[in-house]
Amino acid sequence: MRKHSLPTETVQEAAEELLAQAAEAGKAATVTALANRLGVKRQTLYRDFDPAVTDFLSRDAARRTRQPQPSKDPASDRETVARLRREKDELTRHLHIYEDHIRRLTIENAKLTAEVERLTAVPRLSALRASQDQ
């Protein structure tokens with residue numbers, strides 16, 4: 001039993017409007033958008049207007065498959081590939097710089113830790129545990 005007084009014609013009119021808007025925007029039309037426009041839940045549309053929803057979705061899918069695909073411009077592709085290679089080279093260069101910094105900081109940290117242990121005469125717990133295990 002229907003819980004609304006929504007005529008089928010209203011659903012079809014809203015579907016037509018949404019299909020036109022989606023075509024103009026180059027996007028897919030959705031059942032959620034149709035439900036929002038009609039002020040009902042998606043489940044209501046599927047339950048009470050299944051043929052209209054099926055037609056709505058199939059027409060939108062057909063429209064999207066008929067749309068011409070953007071033409072490929074070889075010059076644009078070459079520019080994109082060249083730009084991406086430059087970006088990759090730049091990122092690789094930064095990666096090597098950061099690896100070098102991390103390596104230096106690790107060595108410096110080990111030296112400073114050893115110096116602090118020597119000056120404070122506080123042994124490392126790992127060294128104490130190792131000597132106890134032997």
Side-chain angles (χ1 to χ4, degrees):
M1 181 170 164
R2 290 185 178 183
K3 296 180 182 177
H4 55 81
S5 60
L6 196 60
T8 305
E9 294 79 25
T10 305
V11 175
Q12 291 172 340
E13 289 171 5
E16 291 294 329
E17 291 173 10
L18 274 175
L19 287 170
Q21 290 174 355
E24 185 177 311
K27 295 183 178 180
T30 64
V31 176
T32 302
L34 182 60
N36 290 342
R37 175 164 297 200
L38 295 169
V40 297
K41 294 183 177 184
R42 289 176 60 244
Q43 295 83 352
T44 301
L45 286 178
Y46 283 112
R47 182 186 63 232
D48 297 338
F49 302 101
D50 188 52
V53 170
T54 303
D55 180 58
F56 171 72
L57 291 173
S58 64
R59 288 176 56 201
D60 184 56
R63 174 195 55 88
R64 286 186 285 131
T65 57
R66 284 191 312 264
Q67 284 181 338
Q69 298 298 322
S71 64
K72 290 287 184 178
D73 180 17
S76 174
D77 288 346
R78 283 192 297 274
E79 291 170 6
T80 301
V81 168
R83 179 183 53 81
L84 290 172
R85 282 189 179 138
R86 284 191 306 270
E87 288 178 12
K88 180 198 142 281
D89 290 342
E90 186 70 14
L91 290 171
T92 302
R93 187 176 68 79
H94 281 279
L95 179 66
H96 291 303
I97 290 170
Y98 296 144
E99 284 176 342
D100 188 46
H101 282 295
I102 291 170
R103 193 175 301 110
R104 288 180 189 169
L105 289 171
T106 302
I107 292 169
E108 184 179 345
N109 183 38
K111 287 179 184 177
L112 290 173
T113 301
E115 184 66 19
V116 166
E117 287 175 2
R118 187 185 65 77
L119 292 174
T120 60
V122 176
R124 294 189 69 116
L125 289 176
S126 58
L128 286 176
R129 289 183 184 134
S131 66
Q132 289 175 353
D133 291 338
Q134 294 176 352

Where do [X] and [Y] come nearest, in terms of heavy atoms and distance?
X     : Y     : answer
Ala15 : Leu34 : N-CD1, 3.6 Å
Val11 : Ala52 : CG1-CB, 4.1 Å
Thr30 : Ala33 : OG1-N, 3.0 Å

[X] with [Y]: basic N within carboxylate O range, under 4.0 Å:
X      : Y      : result
Arg37  : Glu13  : no
Asp89  : Arg93  : no
Lys111 : Glu108 : no

Step-by-step side-chain contact (heavy atoms from CB on, under 4.5 Å) determination, Glu16 to Gln21:
CA-CA 9 Å; Glu16 291 294 329; Gln21 290 174 355; over 6 Å; no
So how far is it from [X] [atom1] to [Y] [atom2], rounded to the nearest 0.5 Å?
X     : Y     : atom1 : atom2 : value
Leu6  : Leu45 : CG    : CG    : 7.5 Å
Asp48 : Thr8  : CG    : OG1   : 9.0 Å
Phe56 : Gln12 : CZ    : CD    : 12.5 Å
Thr44 : Lys41 : OG1   : NZ    : 7.0 Å
Arg83 : Arg86 : CZ    : CZ    : 8.0 Å
Thr54 : Tyr46 : OG1   : OH    : 8.0 Å

Quick one: list whatever passes salt bridge (Lys or Arg N to Asp or Glu O under 4.0 Å) with Arg103, sequence neighbours left out.
Asp100
Counting N and O atoms only, with roles assigned by atom type, does the side chain of Asp60 sit under 3.5 Å from a partner on the main chain of Ala28, one being a donor and the other an acceptor?
no
Is atom CD of Glu99 surrounded by more than 12 heavy atoms (other residues, nucleotides or ligands) closer than 6.0 Å?
yes
